[in-house]
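Structure record follows, encoded as structure tokens.
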Amino acid sequence: MSNFWDKQIARADYLAGESSGSKELLTFYAQLLRAQAEIYESFRSRKDWSPSGDLEVDLPVVRSTMSVLLESVARHGPVSLASEAQELLSVDPVIQAVQLFDYWRSPSDTQFFAKALLQPYVHWLAETRTPPVDRELAGGERTCPFCGGRPQLSFLQAKESTAESGNRDLLCATCLSSWEFRRVVCASCGEERPAKLGYFHSPEFDHIRIEACDSCKHYLKGIDLTRLGLAVPLVDEIYAAPLDLWAREHGYTKIELNLVGV
Ligand SMILES: [Zn+2]
Ligand SMILES: [Zn+2]
């Protein structure tokens, strides 16, 4: 089992046990992560197979893992997703494939099943340095240099780094790897004027803040690992779901919804 998934699962289990407004989300996310870890592991341990990066070619292998995800969501998901999973379990495989290709070519953070299934696949592509092909995405410094995905969150960590980035990284919502990014810049539109960039912080989440932009009205959350080294950005981002409420109430739109739809 990859260390990456273990770490996410352990943190989700831990935070789900803390009393907070996001207990249900984290309990579900912990189960999703288990399904994703199993899918990832099935790619990694598959004999005589390595991914091509072309979803059309890799589709039979990717689709063969879909039932792991669907069965987990049917069992542990919130009612509406669970019934959707139940339906998809009996749907024509061709329709399942069409959904995956739609997402591959034009990702959307509301296509839950395609995103949840392709995260471990593209993460495995990233780990094996197999560039994805046939994805016509925007590119540029505000999207993932590996797969073109949008940022899910930003995080600060103490590390040897160039002065320019100030140790800020963005984490990709699709392949879950990260890249260095300048510190005081909107991750959505590139706004650099400090007066246009706002931060919201609540004492309840000492190491997490909303990073919002008044030019494009987008936001994401920043996780500060120099304040809490135990934090796991992807999971702590969900833990701090109450902060999203504040952002929405103030008219900001999230750059990319997280997997549990917050
Ligand atoms: Zn990526
Ligand atoms: Zn902006």
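Both ligands and their constituent atoms are indexed starting at 1 by order of listing.
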Vertex the Zn ion (ligand 2), ends Cys213/SG and Cys189/SG: angle to nearest 10° comes to 110°
Taking 4.0 angstrom as the limit, do [X] and [Y] come out as a salt bridge?
X: Glu211; Y: Arg183; result: no
X: Lys217; Y: Asp214; result: yes
X: Glu141; Y: Arg182; result: yes

field: With the Zn ion (ligand 1) as the apex, the SG/SG angle for Cys144 and Cys172 - to 10°
entry: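 Cys144 SG and Cys172 SG form an angle of 110° at the Zn ion (ligand 1).
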>> Any N/O/S atom, side chain or main chain, of Cys186 closer to the Zn ion (ligand 2) than 2.8 Å?
In response: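 For Cys186, the answer is yes, given that an N, O or S atom comes within less than 2.8 Å of the Zn ion (ligand 2).
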At their closest point, which heavy atom of Leu81 faces which heavy atom of Val73, and how far apart are they?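 Residues Leu81 and Val73, closest heavy atoms: O-CG1, 3.8 Å.
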